[in-house]
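Just below is one structure, and these are the notes that go with it.
For clarity, every value in this text was computed on a predicted model and none was experimentally measured.
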Amino acid sequence: MNNVINTRIEQLRELMRREKLSAFVFPSTDPHHSEYVCDHWKGREWISGFNGSAGTAVITMTSAALWTDSRYFLAAAEQLKGTEYQLMKMKMPGTPSITQWLAKELDGVQSPEVGVDGMVSSNAFVENMIKELRESAGITVRTNLDPLRLIWKDRPVIPLNKVELQPLEYAGEPTQSKLSRIRQALRENHADGILVAALDDIAWTLNLRGTDVHCNPVFVAYLLISSDAATLYINNVKLTPEVSAYLEEEHIAVDDYENVRQGLKDYFEYNIQLDPNEINYTLFHTPTREVVRAQSPIPEMKSHKNETEIRGFRNAMLKDGIAMVKFLKWLKPAVEAGGQTEISLDRKLTGLRSEQPLFRDISFDTIAGYQEHSAVVHYEATPETDVPVSPEGLILIDSGAQYQDGTTDLTRTIALGPITEEMKHIYTLVLKSHIQFELVKFPDGACGTQLDAAGRECLWREGLNFLHGTGHGVGSYLNVHEGPHQIRMEYYPTPLRSGMTVTDEPGIYLAGKFGVRIENVLLIEPYLETEFGKFLQMTPLTLCPIDTTPIDRSLLSQVEIEWLNQYHSWVYRELAPHLSPDEQDWLKEATRPI
C-alpha cells in the first residue's frame, strides 16, 4: 500500500509541475466542513494512506508531512510507515504549524505558490493560511484547483442514496417552527438570510435523514434560507415522492446540488449571514451581496434537546443497555472458550444491537482494542491488525448505535481475566475521574473548559493526562459528535445549558501496554436555584454496568463509591424488566454494591 501512496505523491507532483505549484494542502473535510465525509471526499486519505477522521496532508516537490491530533498519533505513525510523510503531532512541543513548515520547506523557492481546494476548505482555514504565508514568507495561495479530479482515476461518486423523513414523533418540532426560530436569530443579528452547509444542521432543520455518510444519518445538500423562502440544493434523484411532497408542503423549493453557487449569485436580499468556520472558501466569496460573518445559530438550537428528543434518548439508551448486557454476559465465557478476536467481538455486539427496535446503524466504527491496542485512542481493528482475545488483561470497547429515536455512545474497559496492579491503579483513577465529572455542579452558562479540570485533577495529581476532549454533544439520531459545546482543556466558550447532551469519557493510555477509557452520555439538567442564580448538574443517560473487578477500592472516596453503587442500582432497576432470568442474574451480580 505504501508504494501506492508514493506513486500517488509522484502523480500529484507531476500535476504540480504543470500548474507551477510549490505545494498542495489536503484537509480532511468536504464542501460542508464535515468531520466524517463520504468516500468521494476522502482525498487526504487517498493521498496519504492515513484513515483517521482528523488530519491534514501537505506535499511539496521534495517533502511531505501529515498533521493529526493525539487520538491518532500511534495509528498515523503505523499507517505512514514506508511513505515520504513525516508525522506532525499537533499541540506537542516542537511541532510546527502547517504554515511554519511550508515557510521553511519553500525557503529559496522562486515565487512559491501553495494550492488548496477552496471547495473543501473552510473560509477561516484558507484565509488564515493566506495571511500567515503572506506575512511569514511572501507565499501566495491558489484555491481554484482540485487535483483529485485529474489524478484520482477511480474516485467514488457523490452518493445518490434516498432521503427519508424523520417523523415528528421523533423530531419533536415541525420544520416551519425551526425555520421561524432560525429567521428570528438572523434578524437579531441584522441578517436577512443564511447558507447552511453543515449536513447535520440541514437534516435537523428539515426533519429529514439520509445515509450518505458512513454512520452519520445525513445527506449531501445545501440549504439557502432567506427572510421568506428556503431552497434545498440536492441531487433530485435522492428525493422519493414522499419526501418531495413533504418539501412542497413545507414550502421548501428544490434545486440541483451543483447550482448552489448560482443560487448565491442570484440571492436577492440585502445581506446574507455566512459562518466562516462552516462555509467553504469558494462559496464564502461567491455572493454579490453584503456578507455578515457570524456563527450559524443552528448548532446551538440543535444542541438543546426538546422533550420528545430527550424521551427518544432514554428509549435508545434502554435498548442499547439491553444489547450491552447481552454482550457482556456472553463476553467472558466466549473468550474463555477460545476463538474470539477483536473483530469477532465487534460483529457480535453489532449483531445484538441490530436486533433492537428502530436500529438503523452503528454511530461510529467500533473500537475494540485488546491489551496494547487499547492504548491507541481511536484504534479500529482490521484483518491485518486483528488479534486473538485471551482470558487475561484488559479490552477497551468504545461503541454506539443509531436508533431512529436517539444516538448512543459508550465506552467500557473490561478485565477479561487476571490483570496487573498497574492496570488496576490506572483503571481506578480513570473511574475516579469519570465519577468526578458526573458529580460536578455548576452555574447555568458555565462553559465546558471551566468544568474540564474537575475530573482531570485526580489524574494530574499523579502526573497523568489525556489529550483528547473529555466530552462532546451527541445528536438526536444525528452525528455522534455534535457541537458547539465541548468539555476539554482548550477554550470552548459555548455556554452549557439545561437540555444539552454531553459525554463523559476520560482515559489514560500507556503506549505499548494498555489503555483505559470509561464513557457515559449525560443530560444537563437543573440542579437548584439560589440568590446566586441557577445551577445545573449532569445526570447519566447511558444504561450499562461498569466493570468493578479491576477497581482498587482504596483509591475511591466514600462519595465516589456511593455514586457508583447508586448508578448500578439505577441500571439494574431500568434494565432488569426487559431481560431473561439468566440475564437478570448476571446483571444483579455485575451491579452488586462494592
Side-chain angles (χ1 to χ4, degrees), residues 1-17 19 21-31 33-92 95-102 104-106 114-122 125-126 129 141-143 145-156 213-214 365 376-385:
M1 177 61 185
N2 290 340
N3 287 333
V4 172
I5 297 302
N6 291 333
T7 299
R8 291 171 182 172
I9 292 174
E10 287 308 313
Q11 290 173 338
L12 173 67
R13 285 175 176 154
E14 181 58 35
L15 178 61
M16 287 164 56
R17 288 186 190 97
E19 296 291 334
L21 288 171
S22 308
F24 209 92
V25 178
F26 293 91
S28 299
T29 55
D30 59 9
H33 200 60
S34 305
E35 178 184 13
Y36 298 101
V37 303
C38 65
D39 290 346
H40 177 81
W41 284 298
K42 289 184 178 179
R44 186 264 299 146
E45 179 179 337
W46 185 84
I47 199 69
S48 70
F50 167 62
N51 65 3
S53 66
T56 303
V58 185
I59 297 98
T60 74
M61 297 304 296
T62 58
S63 56
L66 183 133
W67 282 256
T68 192
D69 61 47
S70 63
R71 296 173 296 170
Y72 297 111
F73 287 169
L74 295 178
E78 185 65 29
Q79 291 176 358
L80 297 178
K81 281 182 180 177
T83 72
E84 291 188 39
Y85 285 98
Q86 177 183 1
L87 176 59
M88 298 293 184
K89 298 181 178 181
M90 294 170 60
K91 300 179 183 177
M92 297 300 288
T95 300
S97 68
I98 292 171
T99 53
Q100 288 170 339
W101 184 81
L102 279 169
K104 181 179 179 182
E105 292 294 309
L106 302 183
V114 173
V116 59
D117 183 0
M119 278 297 291
V120 298
S121 305
S122 75
F125 176 81
V126 177
M129 178 178 291
V141 176
R142 178 180 170 186
T143 62
L145 175 67
D146 175 10
L148 298 175
R149 288 192 176 191
L150 301 171
I151 64 175
W152 191 354
K153 300 302 183 182
D154 57 348
R155 186 176 188 177
V213 180
H214 178 54
D365 287 316
V376 182
V377 180
H378 270 210
Y379 171 77
E380 181 187 341
T382 66
E384 293 74 29
T385 66

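Rounding to the nearest 0.5 Å gives a distance of 10.0 Å between OG of S122 and CE of M129. For the atom pair Q11 CD and W152 CH2, the distance stands at 12.5 Å (nearest 0.5 Å). Summarising the geometry, atom CG belonging to N3 is positioned 11.5 Å from atom CZ belonging to R8; distances are rounded to the nearest 0.5 Å. The OG1 atom of T56 lies 4.0 Å from the CD1 atom of I98; values are rounded to the nearest 0.5 Å. Annotation: the span from M61 atom CE to L12 atom CG amounts to 8.5 Å, rounded to 0.5 Å. Annotation: the span from S22 atom OG to L102 atom CG amounts to 9.5 Å, rounded to 0.5 Å.
Of the candidates V116, T99, V126, V25 forms a side-chain contact (heavy atoms from CB on, under 4.5 Å) with just one, namely V116.
The shortest heavy-atom contact between K153 and L150 is NZ-O, 2.8 Å. When every heavy atom of W46 is checked against every heavy atom of D154, the shortest pair comes out as NE1-OD1, 4.5 Å. Of all non-hydrogen atoms in L148 and G43, the two that sit nearest each other are CD1-CA, 3.4 Å.
The shortest side-chain heavy-atom distance between F24 and P147 falls under the 4.5 Å cut-off. With a 4.5 Å cut-off on side-chain heavy atoms, V58 and V114 do not count as touching.
For R149, there are no side-chain hydrogen bond (donor to acceptor under 3.5 Å, both in side chains) partners at least two apart in sequence or on another chain. Here W67 pairs with W101 under the ring pair (Phe, Tyr, Trp, His ring centres under 6.0 Å) rule; sequence neighbours left out. Looking at residues two or more places apart in sequence or on another chain, you find a side-chain contact (heavy atoms from CB on, under 4.5 Å) between T382 and E384, T385. In this view, Q79 and N51 satisfy the side-chain hydrogen bond (donor to acceptor under 3.5 Å, both in side chains) rule, not counting sequence neighbours. Applying the salt bridge (Lys or Arg N to Asp or Glu O under 4.0 Å) criterion to K42, with sequence neighbours excluded, gives D39. With sequence neighbours excluded, the residues forming a side-chain contact (heavy atoms from CB on, under 4.5 Å) with T68 are F50, L66, Y72, F73, A76, L87, listed by chain and number. With sequence neighbours excluded, the residues that form a side-chain contact (heavy atoms from CB on, under 4.5 Å) with A75 are V376. Checked against side-chain hydrogen bond (donor to acceptor under 3.5 Å, both in side chains), T62 has no partners two or more places apart in sequence or in another chain. Remark: K104 pairs with no residue by the salt bridge (Lys or Arg N to Asp or Glu O under 4.0 Å) rule, at least two apart or across chains. Residues forming a side-chain contact (heavy atoms from CB on, under 4.5 Å) with H40 (at least two apart in sequence, or on another chain): C38, R155, I158. For the salt bridge (Lys or Arg N to Asp or Glu O under 4.0 Å) test, residues two or more places apart in sequence or in another chain that qualify with E84 are R13.
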Give the C-alpha distance, both sets of side-chain angles, the deciding distance and a yes or no for side-chain hydrogen bond (donor to acceptor under 3.5 Å, both in side chains) between D365 and H214. CA-CA 9 Å; D365 287 316; H214 178 54; 2.8 Å; yes

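Remark: side-chain polar atoms of T83 are paired, donor with acceptor, to backbone N or O of L80 under 3.5 angstrom. In terms of modelled atom types and a separation under 3.5 Å, the side chain of D30 and the main chain of M119 share no donor-acceptor contact.
No hydrogens or angles considered: a donor-acceptor pair under 3.5 Å links the side chains of S63 and E105.
Legend: salt bridge (charged side-chain N to carboxylate O under 4.0 Å, His left out) pairs involving residues 59-69, not counting sequence neighbours, sorted by first then second residue: D69-R71.
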